[in-house]
Amino acid sequence: MHMTGQRGRMPEQAQRSVGVIMPDGQEICLAVGVKAYGQELFDKACHAVKIKDPHFFGLSVLQKNEYVYMDLDQKISKYFPKEWKKEISKSSGKFSPCFITFFRVQYYVENGRIISDKAERHLYYCHLKEQVLISQCTQMEEVYFLLAAYRLQADFGDLKKNEPDGRYFEPQAYFPQWIIAKRGIKYILKHAPEMHEELRGLPVKKAVLKFIKESCLLEDVPVHCYRLQKDKKEAHSTLYLVLTLRGLQIYQERSQVRQLLYDFPWSNVGKLTFLGKKFEIQPDGLPSAQKLVYYTGCPFRSQHLLQLLSNSHRLYLNIQPVLKEIRKMEEAEEKKCYMESYVSDTLAMDFELLVGGGDESSRGSTRNKPMSCQSTVTRGSSPTSGIEPDSRHRLSVEMSVDEPFGNETTHRTDESCSSSISHGSSGIVNYSQWQADGDSLENEVELAVDEPQEMPVDDPLETSQFDEFTEGDSLDFSSLEQGNMQA
């Protein structure tokens, strides 16, 4: 029906305000209709921060200290209190109370080059920064210093010569509180700038990409965590379902310490089912009698948890071909950098011997420091950490560790059901042709995760099917993986 004039305009009293908090701390106030769907609010939020092609973010509301992601095909009033829909006061003429949503990472990826939209990548980087600040991987202390160095390079560029004492940044903004308490402000202000200096010349974009890649190696950073109950009458939840980059984990909390009970890569998850408050996980290849049964507290949580897990599994399958191509590209670049540095160092040594009269035994003291192509931190508990994150920017600051880092927050048990991950090719993802601009590592990857014409006909993860979820629905993940491998 074609509407014109006043009938075509949404009356003011039908508008409501919603606050959207972004990962960079910015808060945006948006006006939407009381009957608006989540997709409208999401589109407005993306427009406000100039994200043109969002894939990895979603809108969430905070309920009982958990982030519940909106189904964008549902009305947003479903997620707000009833007061939000009430008529505004005619005397005041103001909007009803503004309720808050969070624009957060809904789907984690381990490599930032998959995120082709620059604005989305920046917010992804900001989100991970906050996750790192609350991370508790106490046996990987050197990683946090490396991440701080990348952040300093990304935030400030090359270290200024007149700022060697570290007073140009606040440690609380770059390190978890437990590191500050353990090492002290003076220690951090001494060593962090030294590591920052080692990254001189590293472009901001590469510093951001390296931060994303390294931070995703911390086991409690790229995760979503949700409480579960052993039985429906349990007063206090002691179990946690953790959604990781590669699957699901079940933890149990004992004496305020989380112990890993089960580790299921996606290849080991056969079926997920919810029956009202009951949530069931059927490991692949095991009899139905051995399924894991937990309780979520309400059907609403069950349904939204199932949707998040399903979409995450689908994305995991889709991006494997892209990650494979990126790894090949990065390995080729590392080999190229190594060969260039080797030739350069050899020529420099020969020249020094020619003009300086040195001999073979003196090469070690006269040549330049070797350039390493190692892009990730060597994990270990050695007393010192020689960190070499980049082929042209070597971090060689030693961290004095004279006592154990402490007991790790997470303790793995013998009940772990981990196995190798199956990297199946899905045929759904398209990635852009690498641009020949002289630096292939700088090229973008375009991700197309929602091309319906290439979806397997029996794919249970079609977005439209989520509206039809009812109690007793289940998703067979094993058939989905087989369908993707055959595609």
Side-chain angles (χ1 to χ4, degrees), residues 23-25 62 65-67 125-156 159 163-199 207 210-225 227 238 240 242 244 251-260 376-387 389 395-412:
D24 59 358
L62 195 59
N65 293 322
E66 291 182 348
Y67 289 99
Y125 164 68
C126 292
H127 178 95
L128 290 183
K129 289 194 300 185
E130 296 304 311
Q131 291 290 95
V132 169
L133 292 181
I134 60 175
S135 175
Q136 295 286 329
C137 297
T138 55
Q139 291 187 345
M140 301 174 70
E141 185 179 353
E142 73 279 8
V143 179
Y144 297 94
F145 279 83
L146 175 62
L147 292 174
Y150 285 139
R151 276 196 59 191
L152 291 171
Q153 183 69 15
D155 295 347
F156 298 100
L159 178 65
E163 294 177 339
D165 59 352
R167 296 313 309 182
Y168 60 100
F169 73 98
E170 293 297 328
Q172 292 82 357
Y174 289 82
F175 290 88
Q177 185 57 43
W178 63 267
I179 290 184
I180 297 176
K182 178 180 179 179
R183 293 296 176 184
I185 298 294
K186 185 177 180 180
Y187 181 93
I188 292 175
L189 292 179
K190 179 180 185 299
H191 290 286
E194 293 175 351
M195 299 182 74
H196 179 195
E197 172 62 23
E198 293 285 347
L199 295 176
K210 287 182 177 293
F211 179 91
I212 291 174
K213 189 173 183 179
E214 292 293 333
S215 64
C216 285
L217 296 177
L218 297 173
E219 62 182 12
D220 59 356
V221 168
V223 298
H224 296 296
C225 185
R227 294 186 300 274
T238 58
Y240 293 87
V242 178
T244 72
Y251 287 84
Q252 181 172 6
E253 186 176 63
R254 293 178 178 175
S255 302
Q256 298 183 340
V257 175
R258 293 184 186 179
Q259 297 178 328
L260 180 63
T376 57
V377 178
T378 301
R379 313 299 175 202
S381 57
S382 59
T384 59
S385 301
I387 305 174
L395 296 186
S396 57
V397 176
E398 293 187 353
M399 293 168 51
S400 174
V401 181
D402 49 9
E403 73 277 353
F405 289 144
N407 293 329
E408 195 166 0
T409 303
T410 301
H411 299 277
R412 298 181 179 270

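Please read all numbers here as calculations on a predicted model, not as lab measurements.
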Residue list, side chain to side chain donor-acceptor pair (under 3.5 Å) with S135, at least two apart or on another chain: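 Y144, D220.
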Partners meeting side chain to side chain donor-acceptor pair (under 3.5 Å) with H224 (sequence neighbours left out):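 H224: no side chain to side chain donor-acceptor pair (under 3.5 Å) contacts found.
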Check: Y168 ring centre within less than 6.0 Å of H196 ring centre: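 Centroid separation for Y168 and H196: below 6.0 Å.
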Set of residues satisfying side-chain contact (heavy atoms from CB on, under 4.5 Å) with respect to Q172, sequence neighbours excluded: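 If we apply the side-chain contact (heavy atoms from CB on, under 4.5 Å) test to Q172, skipping adjacent residues, the hits are E170, I180, I185.
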Sub-4.5 Å side-chain heavy-atom contact between [X] and [Y]:
{"X": "C137", "Y": "E219", "result": "yes"}
{"X": "L218", "Y": "V143", "result": "yes"}
{"X": "I188", "Y": "I179", "result": "yes"}
{"X": "F211", "Y": "Q153", "result": "no"}

Any idea which heavy atoms bring [X] and [Y] closest together, and the distance?
{"X": "R167", "Y": "L189", "answer": "NH1-CD1, 2.5 Å"}
{"X": "S215", "Y": "L147", "answer": "N-CD2, 3.6 Å"}
{"X": "H127", "Y": "P23", "answer": "N-CB, 3.8 Å"}

CA sep, side-chain torsions, deciding dist, call: K210, E214, salt bridge (Lys or Arg N to Asp or Glu O under 4.0 Å): CA-CA 6 Å; K210 287 182 177 293; E214 292 293 333; over 6 Å; no
Passing option when C216 is tested against V221, L128, V223 for side-chain contact (heavy atoms from CB on, under 4.5 Å):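 Checked V221, L128, V223 against C216; only one passes side-chain contact (heavy atoms from CB on, under 4.5 Å): L128.
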Test ring pair (Phe, Tyr, Trp, His ring centres under 6.0 Å) applied to Y240 - qualifying residues, sequence neighbours left out: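 Result, ring pair (Phe, Tyr, Trp, His ring centres under 6.0 Å) vs Y240: none returned.
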side-chain contact (heavy atoms from CB on, under 4.5 Å) assessment of H191 paired with R183: CA-CA 11 Å; H191 290 286; R183 293 296 176 184; over 6 Å; no
Mind checking the [atom1]-[atom2] spacing from [X] to [Y]? Nearest 0.5 Å is all I need.
{"X": "L146", "Y": "E141", "atom1": "CG", "atom2": "CD", "answer": "13.0 Å"}
{"X": "Q177", "Y": "L133", "atom1": "CD", "atom2": "CG", "answer": "10.0 Å"}
{"X": "Y125", "Y": "Y150", "atom1": "OH", "atom2": "OH", "answer": "12.0 Å"}
{"X": "K190", "Y": "M195", "atom1": "NZ", "atom2": "CE", "answer": "12.0 Å"}

Those residues that, when tested against E66, pass salt bridge (Lys or Arg N to Asp or Glu O under 4.0 Å) (two or more places apart):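 Expected list: R227, R301.
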Set of residues satisfying salt bridge (Lys or Arg N to Asp or Glu O under 4.0 Å) with respect to D155, sequence neighbours excluded: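 So D155 forms a salt bridge (Lys or Arg N to Asp or Glu O under 4.0 Å) with R151.
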